[in-house]
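Working notes for the structure below.
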Amino acid sequence: MSMTVIKAVDPRSPAHRAGVRPGETLAEINGHPIVDVLDYKFYSYDPRLELKLRQSDGTVRTLRVRKSEGEDLGLEFETYLMDRARSCANNCIFCFVDQMPPGMRKSLYFKDDDARLSFLMGNYLTLTNLSPREVQRIIDLRISPINVSVHTTDPKLRGEMLKNPRAGEGIAIMERFAQNHITMNCQIVSCPGINDGSALDKTLRDLAGMFPAVNSISVVPVGVTKYRQGLYPLQPYTKEQAAALVDQVEAFAQAHWEEKGTRLVWCSDEFYLLAGRELPEEEYFEEFTQLDNGVGMLRLLRSEFSRALTLAEPEELEGIAPFSIATGVSAAPFLGELVDMVQGKCGKIEGKVYPIVNHFFGETITVAGLVTGKDLMEQLRGQKLGERLLIPANMLRSGERVFLDDVTLDEVEEKLGVPVIPVAQDGYELLDAMCGLVTAPPPSKPNLPEDEYYRYNPGVRG
Ligand code: SF4
């Protein structure tokens, strides 16, 4: 069955006013065949549309629609993409999906590499499964910006890292995009001894050669779980290796800033934490373009938190009931400093930060977003948690009250005997949550079917 069959029509939409009916297939808009969500979004932008709608008996009717420019037409399809999500053609040596324990929900093992999800949802793609026609469509429809997992610009090394002999061609596609002014935000998953050192220098030089089409680059450390049996031997970064990489990237960024007025490349916060380095100041991150990759996230959180604290009246803070915060091992000292800041201002609060060791994936995984409900329950049972436990919202599947291991927020609350409050990555909200002003949001599910939806964890997906 075509995946452009209309499942529902919003009753307040231009499509409904024009008489579009569920069950019809959207065949064309203004003479352009509609294949997927990109065609739909792109060609339905104009204020005057002519829709060709195919009926179940094969006949086609034409409808005219008037609406404001950019207004949503109001159609809902069987899947968000109006097509199947494209899986990747690679077998990367650092792939996080291959390092997950068995028995988790099916959607978490799905390896996506879909240009449409890159544009619409910010997913990263490797450019290894695009046909020449699809490359041309990205250029023709000006699908920009797109997010590219580069890892290295050395074609041979890229082929070896992605275990795909065609991986080197992705760099030529990037050059074509650059010539056609498609903006690209790039990610490098850095693996010690493989694509760092001189290989990283070359990659940064090559990508800088595509500036300004290459708009930003993040360098994130490879995640290494305890489930690597039979996989390529990879080690996590040591403190010294992480420090050397931070120095290397900062030196490159400084030179680029002096010449072009932007640093272009940033290490993720995790690299600074691994290296035991202070996070750079807020200005260093410029536009915070790579927040989703964990670049500058903690600095922004601290700056917001500090501003919120300045605005708060001491009396508001003095009434704070005892609370606790659970987070990953790497960010725990950082959150402890924020609690100290509140104590510095009002002196009386009782707030304790618990670093949760990741037994589920292995202790080398220290980010908060991969902490599971089971680890939370096991490590916090019997601890002094105060009147509420705050957790980073990214421990939960987006928009849901469920942890990565399918344990629910309700189960954790019941086991620990305190309300558990997910807090967004926002310094103002964090202070409010400490003060007891934030309650858990109601569950909501994104409008995506199971096989297209997976949560995005900075630095762990290709
Ligand atoms: S890291 Fe990404 S591109 Fe590589 S195999 Fe895994 S899902 Fe595919």
Task: side chain to side chain donor-acceptor pair (under 3.5 Å) against Ser303, all qualifying residues, sequence neighbours excluded - done: Glu282
Open item on the list: Tell me every residue that passes side chain to side chain donor-acceptor pair (under 3.5 Å) with Asp247, counting only those two or more places apart in sequence or in another chain.
Closed with: Arg277
Can you tell me if [X] uses its side chain to pair, donor with acceptor, with the backbone of [Y] under 3.5 Å?
X: Asn195; Y: Val189; value: yes
X: Ser324; Y: Leu385; value: yes
X: Lys345; Y: Leu317; value: no
X: Asp36; Y: Leu81; value: no
X: Asp432; Y: Leu437; value: no
X: Arg299; Y: Leu279; value: yes
X: Tyr40; Y: Leu75; value: yes
X: Gln425; Y: Leu301; value: no
X: Asp269; Y: Met297; value: yes
X: Tyr80; Y: Val37; value: no

Task: Neighbour count >12 (heavy atoms, 6.0 Å) for atom CZ, Phe334 - done: yes
TODO: Mark yes when over 12 heavy atoms from residues, nucleotides or ligands other than Lys374 sit less than 6.0 Å from its NZ; otherwise mark no.
DONE: no
Counting C-beta onward and ignoring hydrogens, is there a side-chain heavy-atom pair between [X] and [Y] closer than 4.5 Å?
X: Asn129; Y: Glu134; value: no
X: Leu127; Y: Val148; value: yes
X: Ile391; Y: Val412; value: no
X: Val265; Y: His256; value: no
X: Asp46; Y: Ile29; value: no

TODO: Check whether NZ of the Lys or CZ of the Arg Lys41 lies under 6.0 Å from the centre of the six-membered ring of Tyr45 and within 45 degrees of that ring's axis.
DONE: no
Nearest 0.5 Å, what's the [atom1]-[atom2] distance between [X] and [Y]?
X: Leu370; Y: Ile365; atom1: CG; atom2: CD1; answer: 6.0 Å
X: Phe360; Y: Asp405; atom1: CZ; atom2: CG; answer: 5.5 Å
X: Ser144; Y: Phe177; atom1: OG; atom2: CZ; answer: 10.0 Å
X: Cys186; Y: Ile217; atom1: SG; atom2: CD1; answer: 6.0 Å
X: Met341; Y: Ser306; atom1: CE; atom2: OG; answer: 4.0 Å
X: Asp426; Y: Leu300; atom1: CG; atom2: CG; answer: 8.5 Å

Contact summary for [X] and [Y], nearest pair of heavy atoms:
X: Tyr232; Y: Ile194; value: CE2-CD1, 3.6 Å
X: Pro101; Y: Phe361; value: CD-CE2, 3.6 Å
X: Cys267; Y: Leu245; value: SG-CD2, 3.7 Å
X: Glu278; Y: Tyr272; value: O-CD2, 3.5 Å
X: Pro47; Y: Glu69; value: CB-N, 4.1 Å

Open item on the list: Quick one about Ser268 and Asn293 (side-chain donor to acceptor, distance below 3.5 Å, no hydrogens or angles considered), yes or no?
Closed with: no
- [ ] Answer yes if the side chains of Glu286 and Thr262 hold a donor-acceptor pair under 3.5 Å, and no otherwise.
- [x] yes
Task: Stepwise side-chain hydrogen bond (donor to acceptor under 3.5 Å, both in side chains) test for Glu258 and Gln254 - done: CA-CA 6 Å; Glu258 283 165 15; Gln254 177 66 21; 2.7 Å; yes
- [ ] Keeping to residues at least two apart or across chains, list the side chain to side chain donor-acceptor pair (under 3.5 Å) pairs with something in residues 332-344.
- [x] Arg302-Glu337
Check salt bridge (Lys or Arg N to Asp or Glu O under 4.0 Å) between [X] and all other residues, then give those that pass, not counting sequence neighbours.
X: Lys163; value: none
X: Lys67; value: none
X: Glu250; value: none
X: Arg142; value: none

TODO: With sequence neighbours excluded, give me every salt bridge (charged side-chain N to carboxylate O under 4.0 Å, His left out) pair touching residues 204-215.
DONE: Lys202-Asp206
- [ ] Could you go through the side-chain contact (heavy atoms from CB on, under 4.5 Å) check for Ile182 and Ile143 one step at a time?
- [x] CA-CA 7 Å; Ile182 302 292; Ile143 296 172; 5.8 Å; no
Which residues share a side-chain contact (heavy atoms from CB on, under 4.5 Å) with [X], sequence neighbours left out:
X: Ile325; answer: Phe323, Leu335, Val339, Val353, Leu390, Met434
X: Lys239; answer: none
X: Val329; answer: Pro355, Val357, Thr366

Open item on the list: Is the distance from the ring center of Phe42 to that of His32 below 6.0 Å?
Closed with: no
Going by atom type alone, with no hydrogens or angles, which donor-acceptor pairs under 3.5 Å involve a side-chain atom of residues 90-99 and a protein atom two or more places apart or on another chain?
{"unit_1": "Asn90", "atom_1": "OD1", "unit_2": "Thr128", "atom_2": "OG1", "d": "3.0"}
{"unit_1": "Asn90", "atom_1": "OD1", "unit_2": "Asn164", "atom_2": "ND2", "d": "2.9"}
{"unit_1": "Asn90", "atom_1": "ND2", "unit_2": "Thr126", "atom_2": "OG1", "d": "3.0"}
{"unit_1": "Asn90", "atom_1": "ND2", "unit_2": "Thr128", "atom_2": "OG1", "d": "3.3"}
{"unit_1": "Asp98", "atom_1": "OD1", "unit_2": "Lys111", "atom_2": "NZ", "d": "2.8"}
{"unit_1": "Asp98", "atom_1": "OD2", "unit_2": "Lys111", "atom_2": "NZ", "d": "3.3"}
{"unit_1": "Gln99", "atom_1": "OE1", "unit_2": "Thr225", "atom_2": "N", "d": "2.8"}
{"unit_1": "Gln99", "atom_1": "OE1", "unit_2": "Arg228", "atom_2": "NH1", "d": "3.4"}
{"unit_1": "Gln99", "atom_1": "NE2", "unit_2": "Phe94", "atom_2": "O", "d": "3.4"}
{"unit_1": "Gln99", "atom_1": "NE2", "unit_2": "Cys95", "atom_2": "O", "d": "3.3"}
{"unit_1": "Gln99", "atom_1": "NE2", "unit_2": "Gly223", "atom_2": "O", "d": "3.0"}

